[in-house]
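Report on the structure given below.
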Amino acid sequence: GYYGEFGGAYIPEMLYPNIDELRSEYLKIIGDPAFRTEFDQLLKDYVGRPTPLYEAKRLSDKYGAQIFLKREDLCHTGAHKVNNTIGQILLAQRLGKQKIIAETGAGQHGVATATVCALMGMECIVYMGKVDMERQRPNVERMKILGAKVVPATSGSQTLKDATNEAMRHWINNPSDTHYIIGSVVGPHPYPDMVARFQSVISEEMRIQLSEKTGSPRPDYIIACVGGGSNAAGAFYHYLDEPDVKLVAVEASGMGVSSGKSAATTKLGRSGVLHGSKTLLMQTEDGQVVEPYSISAGLDYPGIGPMHAHLFASGRGIFLDVTDEDAMQAGIELSRLEGIIPAIETAHALAVFDRLPLTSSDVVVVNLSGRGDKDLDTYIKWGKY
Ligand SMILES: Cc1ncc(COP(=O)(O)O)c(/C=N/[C@H](C(=O)O)[C@@H](O)C(C)C)c1O
């Protein structure tokens, strides 16, 4: 489970049985035709796939390129996270697990987990930083309405990394009857690979839709925001070996890369182990995790998935970063040009067009990872619209 020098499984010994079971079973389970049939059926009839690939004409006119939006915001629950939770709940059932735990920051992954637990009648506990519970209140209530128990993570900075630590601790204490649904392409092998495979339906559909609309399955650019990196992993997956397709990963620089309040991991981080995986992470001299910051809870993460650490180190990916201010402006711009209010995480991916050498013949796909409903309070507090 390596991406160049990154990846692997650096876990407490007590988790070996779970991780070993997952590692030896997941490819067999995912590869089973019956699994594939049930997975595809639920993605179609429950999630609402395929999601549209929408040509954003006014946005294209403004930036002088052919810009398409991959509408993961139209998935059931309002973001791409459900592609992964559908896959993992089916896997958990086949592993004979009865209980599910998860971590969440923006709350989208928490909602996507609570949703599939309700669908399958399984018990659901979601760990969420107390700070994040305040700034993503609507999603906290949605998880409770869906029947999940939301447990505030009160250690550390009370945000995503603490929720992940506390979820891991729960799993160590309840290894046999519980499956931990990790929300991004992070964590010990096989999670990064497994989550990327479940999210890869995004680029599987893009290839077909682009062929129909442009005559070629290959765009010139794919742009996606990166917190842990799962929506980007899904959008990039079936293009990784096509060097003509430029992969643009957009991180959150918060108040600015050198402001001390940022989450631009590829700029500020260096190699280390976080949540069981060797990757790039923001850390002090003596290796303590540095508190990240972003206006968007979903990008407010001190690490990055090992796949993206490798895309950065190998130069295969173009890594840009966007401040809170630029992201919010881009969110309003999409709302006014196309009538779509994006999640603030997603808005970061919409703020880099003028930093790419776009020409009118360029085909650009932006992965619209989520819709803005959960972020209305943040838009209102920001207020410049
Ligand atoms: C709408 C939306 N877009 C992008 C992201 C970033 O997560 P990735 O796609 O895994 O990089 C997120 C991340 N949300 C997670 C959550 O809801 O818990 C996040 O906070 C963590 C799992 C990283 C999101 O909600």
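Both counts, for ligands and for their atoms, begin at 1 and track the order of listing. The residues of the chain are indexed from 1 along the displayed sequence.
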Salt bridge flag under 4.0 Å for residues D321 and K267:
yes
For the pair D61 and K57, find out whether any cationic side-chain nitrogen is under 4.0 Å from an anionic carboxylate oxygen.
no
With respect to G228, determine whether any N or O atom, backbone or side chain, lies less than 3.5 Å from an N or O atom of ligand 1.
yes
Pair E123 + K149: basic N to acidic O under 4.0 Å
no
State whether Y239 and R207 meet the cation-pi test: NZ (Lys) or CZ (Arg) under 6.0 Å from the six-membered ring centroid, and within 45° of the perpendicular axis.
yes
Return a yes/no value for T346: is any of its N or O atoms, backbone included, closer than 3.5 angstrom to an N or O of ligand 1?
no
Any idea which atoms of ligand 1 are less than 4.0 Å away from a heavy-atom of S184?
8 (P), 10 (O)
G229 heavy atoms, cut-off 4.0 Å: which ligand 1 atoms fall inside?
8 (P), 10 (O), 11 (O)
Can you tell me which portion of L160 lies within the under-4.0 Å heavy-atom range of ligand 1? Options are side chain, backbone, both, or neither.
side chain
Cationic N near anionic O, under 4.0 Å, R94 to E38
yes
Judging by distance only, is a nitrogen or oxygen of K81 under 3.5 angstrom from one on ligand 1?
yes
My understanding is that only one of V186, N165, I11 makes a side-chain contact (heavy atoms from CB on, under 4.5 Å) with H275; could you say which?
N165
C225 neighbourhood, listing ligand 1 atoms whose heavy-atom distance to it stays under 4.0 Å:
4 (C)
Parallel, tilted or perpendicular: which fits the ring planes of F353 and Y63, with parallel below 30° and perpendicular above 60°?
tilted
Go through the side-chain N and O atoms of Y180 and E103 and say whether any donor and acceptor fall under 3.5 Å apart.
yes
Electrostatic pair D40:R36 at N-O distance under 4.0 angstrom:
yes
N/O separation below 3.5 Å, G107 to ligand 1
yes
Please classify the H109 to ligand 1 contact at 4.0 Å (heavy-atom distances, strictly less than): side chain, backbone, both or neither.
both
A343 to ligand 1: N or O pair under 3.5 Å?
no
In terms of side-chain geometry, is the basic nitrogen of E325 or K384 positioned less than 4.0 Å from the acidic oxygen of its partner?
yes
Could you tell me, atom by atom, which parts of ligand 1 come under 4.0 Å of a heavy atom of G227?
6 (C), 11 (O)
V226, portion touching ligand 1 at heavy-atom distance under 4.0 Å
backbone
Counting from 1, what ligand 1 atoms have a heavy atom of T104 closer than 4.0 Å?
16 (C), 17 (O), 18 (O)
Please determine whether a side-chain nitrogen of the Lys or Arg among K62 and E338 lies less than 4.0 Å from a carboxylate oxygen of the Asp or Glu.
no
Please write down residue, atom name and distance for the protein heavy atom closest to atom 20 (O) of ligand 1.
A106 N, 2.8 Å
Is the closest N or O pair between S230 and ligand 1 shorter than 3.5 Å?
yes
Within-shell test, H80 vs ligand 1, heavy atom, strictly < 4.0 Å:
yes
Is there a polar contact, in the sense of an N or O pair closer than 3.5 Å, between V185 and ligand 1?
no
Checking the N or O distance criterion of under 3.5 Å, is ligand 1 in contact with G183?
no
Can you tell me if G110 has a non-hydrogen atom under 4.0 Å from ligand 1?
no
Are there more than 12 heavy atoms of other residues, nucleotides or ligands under 6.0 Å from atom CD1 of I125?
yes
Using a 4.0 Å heavy-atom threshold (strictly under), name the region of A232 that reaches ligand 1: side chain, backbone, both or neither.
neither
Nearest to atom 2 (C) of ligand 1 by heavy atom, G105, G298, S369, G372: which?
S369
Can an N or O of E103 be found at a distance shorter than 3.5 Å from an N or O of ligand 1?
no
What atoms in ligand 1 come closer than 4.0 Å to a heavy atom of A297?
20 (O)
State, without any angle test, whether N83 and E72 hold a side-chain donor-acceptor pair at a distance under 3.5 Å.
yes
Do E55 and K213 meet the salt-bridge criterion of a basic N to acidic O distance under 4.0 Å?
no
